[in-house]
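Numbers restart at 1 for each chain; the letters A, B, ... are given by sequence-line order, proteins then strands. Owing to the predicted nature of the structure, the values given are computational and were not obtained by experimental measurement.
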Amino acid sequence: MSDNKGPNFLEEIVANDLKTGKYKSIVTRFPPEPNGYLHIGHAKSICLNFGLSQEFGGYTNLRFDDTNPTTEDTEYVQSIKNDIRWLGFNWQHELYASDYFQQLYDWAVVLIRKGLAYVDDSTSEEIAAQKGTPTRSGTNSPFRDRSVEENLRLFQEMKEGKYRDGEKVLRAKIDMAHQNMHMRDPLMYRIKHAHHHRTGDTWCVYPMYDFAHGQSDAIENVTHSICTLEFIPHRDLYYWFIEQLGIFPSQQYEFARLNLSYTVMSKRKLLQLVNGRYVSGWDDPRMPTISALRRRGYTPESIRDFCERIGVARRENLIDVGLLEFSVRDHLNKVAQRRMVVLDPLKVVLTNYPEGEVEMLPGEDNPEDANSGSRDIPFSRELYIEQEDFMENAPKKFFRLAPGQMVRLKHAYIIKCEEVVKDAQGNITELHCTYVPESRSGSDTSGINVKGTLHWVSAAQALPIEVRLYDRLFMHEDVADAEGDFKEHLNPDSLQVIETAYAEPALKEATLEERYQFLRKGYFTLDPDSTADKLVFNRTVGLRDMWAKESKK
RNA sequence: UGACCUAUGGUGUAACUGGCAACACGUCUGAUUUUGGUUCAGAAGAGUCUAGGUUCGAGCCCUAGUAGGUCAACCA
């Protein structure tokens, strides 16, 4: 998984299990519940599960943990499958916990017969009270000692729909005084007269997570069942059911989930952002979901690289988004087509350049890729440069345009600022410059050396586009740790829309698949909101900006 | 007040299972550069939560603390 880092603890376990002959090949699974979209935290789990089986020879199943019909939907099934494929992984079998409903029911009957499960008429409040507290042991339900026959009959009737939701449950008979709360007669089945996205109305009793997950793993011969830390207390129960049933002994291992700075990672909170319209949807580019990252312009390669860099361990962590940004920049630098776009225009008139003339200047598509081609960029008397690339009273370290100063226009000529034109209010409206005819890129005989190079666009040929810039969704680094409701910490400036930016004409050809680097401005990708009349680009991430750092000093 | 999990530079992970703490990101220098990008060279930054113990030797083992996290949904 990692080259210059030692193996993570799971790789060690798997390697050892293979070495000792405990298994001759391994099976893992990725078990999402189809009740929301996948996020970057799931990506960590996906890379881990699929990565392990790839590394050690084996396979990974995709299994939907769909035991709660009231929250699940096929819309989510589709998006989950789509995201996993996009990330670059292929599952061996597409499975559903609901495929095992009959088997699970039969196993429940087995446990009843063994006297290890009983039907309880207690209300959910009563059951909660019976559980006791972490420091005080629980008490037995008054229905705990029903006969096997009665339990069998009652459970059968539950399944037949004779009872209303919540009227009865099936519980495992373990130990109400157990140190582990999860072992205090946990619920196995509850009644839900609800339509299931796959089994329709054939069932009105549904198994709980604990009575479905381990058995599903066992059915699939999953050797290493990997989950997050909060399932540690479930492990006893996981093994208890497997043992009592005498089925394939899958082993559960836990790792610490991913936490990313300046964002939230729980489906519950993400759902609130979507439903409360704080964002435009699950794929709003500011979201940490896979679909949002994709829309934002992240590549599968960069996400996989990120997951590899962060490692896998058992301690709580909060990873700096900066690391994710490093991974995208690293990949995009190698594949992005370079283009020039002026986001905040300032007009420049080259007073010594012939009026009406347009020359086409070649610009390489990607200096990092020897096989990439080049496109022609129109150059003329009137251009746009970036507002921030000019300063009337520039500090000594400002290597850009200033009165009397010279800069290189990328792929074009060296120009000199001769005059600053202002309106009645004193606002700068345009710059009058002269260009150095012998300084043309590729055939520069001027002998002039300049410190700065600017991007630019020819005014007459400029393509107006919309550009969307994103900042972190939350203002607090550790959102979960911040005071009050998490929504209070939303960053009001997380989205900045530039209705009209000027792009070089080649961008007309942009596609959804292609990644671009707008020179000196960052990496961008076309947004699906684009129409034939108006192209919309999302900024995936900005370039590293040493000047921003320098100018802050 | 119980049980369980965790504790290594700013962040995240390593350390051949007891042999003088490494890698990545970040930070700071400098070089190169027609992107203040990339690339390259280099530097600073922890003595491994604390206190004991075992040992020739401990980040790794033991004990006791401390700190953080998890567990009392008919959610997963």
Side-chain angles (χ1 to χ4, degrees), chain A residues 2-8 12 31-33 35 65-68 70-72 120 123-124 127-138 165-171 178-182 184 187-192 206 208-210 212-213 227-236 254 256 261 267-268 308-320 322-327 329-330 333-334 338 340 363 367-368 397-400 407-412 414 439 441-442 444 449-455 517-522 542-551:
Chain A
S2 32
D3 294 334
N4 41 16
K5 258 199 303 207
N8 65 51
E12 262 175 39
E33 181 187 13
N35 68 346
D65 235 326
D66 56 349
T67 57
N68 185 0
T70 55
T71 58
E72 295 152 6
D120 195 338
T123 64
S124 84
I127 290 177
Q130 289 159 20
K131 291 252 176 182
T133 71
T135 53
R136 226 184 46 242
S137 68
D165 289 9
E167 211 174 323
K168 286 180 164 47
V169 292
L170 183 71
R171 295 176 74 177
H178 201 106
Q179 294 273 31
N180 183 344
M181 300 280 300
H182 291 269
R184 324 243 262 226
L187 270 62
M188 294 165 60
Y189 268 91
R190 75 295 214 185
I191 300 169
K192 273 179 190 282
Y206 292 93
M208 299 287 291
Y209 166 86
D210 288 308
H213 202 95
C227 59
T228 46
L229 256 27
E230 59 271 29
F231 290 94
I232 290 175
H234 294 253
R235 194 173 51 215
D236 284 348
E254 311 86 12
S261 62
K267 277 198 261 185
R268 201 189 100 254
E308 198 162 296
R309 283 172 189 279
I310 60 176
V312 179
R314 276 169 73 86
R315 72 181 113 148
E316 299 280 337
N317 59 79
L318 177 63
I319 288 167
D320 190 338
L323 190 59
L324 215 209
E325 296 178 343
F326 170 84
S327 289
R329 287 197 189 102
D330 193 45
N333 176 51
K334 294 174 191 129
R338 313 291 133 124
M340 292 200 287
E368 302 296 316
K397 282 185 165 175
F398 188 76
F399 304 144
R400 305 181 186 182
V407 291
R408 156 76 61 183
L409 292 181
K410 181 76 178 176
H411 302 309
I414 289 172
S439 66
S441 284
D444 184 350
N449 253 321
V450 294
K451 291 279 270 194
T453 301
L454 308 185
H455 63 281
Q517 183 196 102
F518 292 179
L519 248 51
R520 309 205 300 137
K521 292 275 103 182
L543 260 24
R544 268 183 75 208
D545 191 350
M546 299 304 273
W547 170 243
K549 231 176 264 170
E550 181 67 35
S551 57

Interatomic distance, A:His178 NE2 vs B:C4 C1' [rounded to whole Å]: 11 Å
Separation of B:U11 C1' from A:Glu325 CD (nearest whole Å): 14 Å
Side chains of A:Asp236 and A:His182, donor plus acceptor under 3.5 Å: no
Partners meeting side-chain hydrogen bond (donor to acceptor under 3.5 Å, both in side chains) with A:Asp545 (sequence neighbours left out): none
Glycosidic class, syn or anti, of B:G47 using a 90° window around 0: syn
Those residues that, when tested against A:Glu12, pass side-chain hydrogen bond (donor to acceptor under 3.5 Å, both in side chains) (two or more places apart): none
Parallel, tilted or perpendicular, as decided by the 30° and 60° cut-offs, for the rings of A:Phe231 and A:Tyr209: tilted
Touch class at under 4.0 angstrom, heavy-atom based, for A:Ile414 against every strand present: nothing
Value in whole Å for how far the P atom of B:G37 lies from CG of A:Asp330: 15 Å
Contact pattern, 5' to 3', of nucleotides 67-76 of chain B - B, S or - by protein heavy atom under 4.0 Å: --S-SB-BSB
Sugar-phosphate, base or nothing in reach of A:Gln130, heavy atoms under 4.0 Å: nothing
Rounded interatomic separation in angstrom, taking CZ from A:Arg315 and P from B:U11: 11 Å
All N/O contacts under 3.5 Å from nucleotides 19-21 of chain B to the protein, with atom names and distances to one decimal?
none

Residues which pass salt bridge (charged side-chain N to carboxylate O under 4.0 Å, His left out) with A:Arg190, listed by chain and number, not counting sequence neighbours: none
Side-chain N,O (A:Arg309) to OP1/OP2 (B:A24) below 4.0 Å: no
Contact pattern, 5' to 3', of nucleotides 26-36 of chain B - B, S or - by protein heavy atom under 4.0 Å: -SSS----BBB
With sequence neighbours excluded, residues passing side-chain hydrogen bond (donor to acceptor under 3.5 Å, both in side chains) with A:Glu325: none
Please tabulate the protein-to-nucleotide N/O contacts below 3.5 Å involving nucleotides 44-49 of chain B, giving atom names and distances.
none

Passing option when A:Lys410 is tested against A:Arg520, A:Arg338, A:Met340 for side chain to side chain contact (heavy atoms under 4.5 Å, CB included): A:Met340
Separation of B:G12 C1' from A:Asn8 CG (nearest whole Å): 13 Å
Partner residues of A:Ser137 under the side-chain hydrogen bond (donor to acceptor under 3.5 Å, both in side chains) criterion, sequence neighbours left out: none
A:Glu12 CD - B:U13 C1' separation (whole Å): 13 Å
Residues which pass salt bridge (charged side-chain N to carboxylate O under 4.0 Å, His left out) with A:Arg314, listed by chain and number, not counting sequence neighbours: A:Glu254
Residues in salt bridge (charged side-chain N to carboxylate O under 4.0 Å, His left out) contact with A:Arg171, at least two apart in sequence or another chain: A:Asp120
For RNA chain B, the dot-bracket pattern of Watson-Crick and G-U pairs whose distances stay under 3.5 Å, | for other-strand partners: .((((((..((((.....[..)))).(((((.......))))).....(((((..]....))))))))))).....
